[in-house]
2 protein chains.
Amino acid sequence: MIDAVTIKDVKLQLGKLCKQKRQNYELSQEELALALGLSRYTIQKFENGKNATLDTALKIANHFNLLEKFYKLLKDVENSNNIDSLY
Amino acid sequence: MIDAVTIKDVKLQLGKLCKQKRQNYELSQEELALALGLSRYTIQKFENGKNATLDTALKIANHFNLLEKFYKLLKDVENSNNIDSLY
DNA sequence: TTGATTTGTTTATTATAATACACAAATATA
DNA sequence: TATATTTGTGTATTATAATAAACAAATCAA
């Protein structure tokens with residue numbers, strides 16, 4: 001019996017992913033922050049699962065080429081919703 | 001030649017999806033806001049593609065049962081990153 | 001070890017998301 | 001139509017995300 005995914009789970013996973021991607025590119029928090037026009041503190045909090053703005057999250061996603069993948073998910077959800085009306 | 005997905009595109013799509021899902025459930029902005037402990041104005045801005053917090057976006061996603069799908073995407077990205085190291 | 005870099009954390013300030021209220025405009029319903 | 005409901009928009013206030021700076025703790029390199 002697996003517990004349902006919580007909002008906190010998602011924020012923690014977002015932070016984990018940011019850290020992983022950042023380290024893949026061998027960037028420090030400072031360097032990533034500079035590249036995105038954010039402060040290191042904002043990156044620091046994001047990586048530790050704190051609340052943030054969509055702009056911050058999407059800037060990070062964009063920097064690691066994940067924006068398109070996320071956008072596609074949203075489009076798929078929208079389309080699967082439309083298809084429902086055909087049944 | 002398709003233009004790259006922008007942060008603005010994603011926010012607009014998030015808003016569009018919220019509106020679509022909300023109308024599927026026959027909820028007014030007011031009712032959705034009440035159900036999530038948010039103000040109608042926050043829903044209003046979200047649906048029109050304005051910036052918001054992760055908490056707001058994830059509360060909405062959770063209400064329409066999209067949290068797990070999103071979490072799975074994040075896990076997949078994390079895992080595909082690990083697999084890379086095997087090649 | 002040692003020094004250098006990175007990360008975690010604190011405090012104070014600024015920018016802005018969220019709230020609460022009102023009211024007009026648009027949509028839906030009788 | 002007329003009425004009710006919903007949505008869009010404005011203003012003021014509050015809550016909080018983001019910034020900036022400093023310093024300690026942890027990690028890495030010489």
Side-chain angles (χ1 to χ4, degrees), chain A residues 6-64 66-67 70-71 74 77-78 81-82 84-85, chain B residues 6-64 66-67 70-71 74 77-78 81-82 84-85:
Chain A
T6 67
I7 290 175
K8 186 167 188 178
D9 291 334
V10 174
K11 288 189 291 184
L12 286 171
Q13 183 62 24
L14 280 169
K16 190 175 176 183
L17 200 55
C18 176
K19 184 171 185 172
Q20 186 192 48
K21 285 290 184 182
R22 176 175 63 76
Q23 291 177 333
N24 282 154
Y25 285 85
E26 296 187 352
L27 298 171
S28 65
Q29 293 178 345
E30 178 72 38
E31 290 169 321
L32 177 59
L34 189 70
L36 299 179
L38 298 173
S39 70
R40 183 172 69 85
Y41 190 50
T42 297
I43 301 294
Q44 167 72 16
K45 275 172 25 190
F46 187 84
E47 287 192 353
N48 285 300
K50 305 300 181 188
N51 196 15
T53 60
L54 277 177
D55 274 338
T56 293
L58 295 177
K59 275 184 186 177
I60 293 169
N62 185 49
H63 196 257
F64 297 126
L66 296 173
L67 209 54
F70 180 48
Y71 184 74
L74 297 179
V77 172
E78 181 195 0
N81 225 39
N82 291 335
D84 284 348
S85 61
Chain B
T6 66
I7 290 174
K8 185 167 189 177
D9 291 335
V10 174
K11 288 190 289 185
L12 286 171
Q13 183 63 23
L14 280 169
K16 190 174 176 184
L17 200 55
C18 177
K19 184 170 186 173
Q20 186 193 48
K21 285 289 183 183
R22 176 175 63 75
Q23 292 177 333
N24 282 156
Y25 285 85
E26 295 187 355
L27 297 172
S28 65
Q29 293 178 345
E30 179 72 39
E31 289 169 321
L32 178 60
L34 189 71
L36 300 180
L38 298 173
S39 71
R40 183 173 70 86
Y41 192 50
T42 297
I43 301 294
Q44 167 72 15
K45 275 171 26 189
F46 187 83
E47 287 192 353
N48 286 300
K50 305 300 182 187
N51 197 16
T53 59
L54 277 178
D55 275 338
T56 292
L58 295 177
K59 276 184 186 176
I60 293 169
N62 184 50
H63 194 257
F64 297 127
L66 296 173
L67 208 54
F70 180 47
Y71 184 73
L74 296 179
V77 172
E78 181 194 0
N81 223 39
N82 291 334
D84 283 350
S85 61

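Source: prediction; values computed, not measured.
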- Task: Kindly write out the residues that satisfy side chain to side chain donor-acceptor pair (under 3.5 Å) with A/Q44, not counting sequence neighbours, or none if the list is empty.
- Result: A/Q29
- Item | Contact list for residues 10-64 of chain B, test ring-ring contact (aromatic ring centres under 6.0 Å, His included), sequence neighbours left out | B/Y25-B/F64
- Message: Please determine whether the number of non-hydrogen atoms from other residues, nucleotides or ligands lying under 6.0 Å from atom CD of B/Q23 exceeds 12.
- Response: yes
- Task: Go through the structure and list residues passing side chain to side chain contact (heavy atoms under 4.5 Å, CB included) with B/Q20, not counting sequence neighbours.
- Result: A/E78, A/N81, A/N82, B/L17, B/N24
- Query: Think A/Q44 has a side-chain N or O under 4.0 angstrom from the OP1 or OP2 of C/dG8?
  - Reply: yes
- Note on the structure: Residue set satisfying side chain to side chain contact (heavy atoms under 4.5 Å, CB included) with A/D55, at least two apart, ordered chain then number -> A/T53, B/I7, B/K11, B/N51
- Criterion side-chain contact (heavy atoms from CB on, under 4.5 Å) on B/L54 and A/L14, from CA distance to verdict: CA-CA 10 Å; B/L54 277 178; A/L14 280 169; 3.9 Å; yes
- What parts of residues 10-17 of chain A reach DNA chain D, counting only heavy atoms under 4.0 Å away? none
- Message: Generate the contact string for nucleotides 16-26 of chain D. Rules: B means base contact, S means sugar-phosphate contact only, - means no protein heavy atom under 4.0 Å.
- Response: -SBBB-B----
- Please identify each residue that fulfils salt bridge (charged side-chain N to carboxylate O under 4.0 Å, His left out) with B/E31, with sequence neighbours left out. none
- Message: Could you walk me through whether B/K21 and A/V77 satisfy the side-chain contact (heavy atoms from CB on, under 4.5 Å) test, starting with their C-alpha distance in whole Å, then the side-chain angles of each, then the deciding distance to 0.1 Å, before giving a yes or no?
- Response: CA-CA 10 Å; B/K21 285 289 183 183; A/V77 172; 3.9 Å; yes
- Query: After noting the C-alpha distance and the side-chain angles of B/I43 and B/I60, does the key distance pass the side-chain contact (heavy atoms from CB on, under 4.5 Å) rule?
  - Reply: CA-CA 9 Å; B/I43 301 294; B/I60 293 169; 4.1 Å; yes
- Atom-to-atom span, CD of B/E47 to C1' of D/dT9 - whole angstrom: 15 Å
- Side-chain N or O of B/R22 closer than 4.0 Å to phosphate OP1/OP2 of D/dT6: no
- Task: Quick one: pull up CZ in B/F70 and CG in B/N62 and give me the separation to the nearest 0.5 Å.
- Result: 12.5 Å
- Between A/E47 and A/C18, which heavy-atom pair has the shortest distance, and what is it? OE2-SG, 3.5 Å
Where do N or O atoms of nucleotides 28-30 of chain C meet protein N or O atoms at under 3.5 Å, pair by pair?
none

- Item | With B/K8 via side chain to side chain contact (heavy atoms under 4.5 Å, CB included) - residues at least two apart | B/T6, B/L12
- Message: Contact list please: residues 26-34 of chain A against DNA chain D, heavy atoms, distance less than 4.0 Å, in numerical order.
- Response: none
- Determine the minimum heavy-atom distance between B/D9 and A/Y71, stating which atoms define it. O-CE1, 3.7 Å
Collect all protein-nucleotide pairs involving nucleotides 2-4 of chain C in which both atoms are nitrogen or oxygen and the distance is under 3.5 Å.
none

- Would you confirm whether B/R40, through its side chain, and B/A33, through its main-chain N or O, come within 3.5 Å as a donor-acceptor pair? no
- What bend angle does the helix from C/dT1-D/dA30 to C/dA30-D/dT1 show across its length, from five-pair end axes and to the nearest 10 degrees? 60°
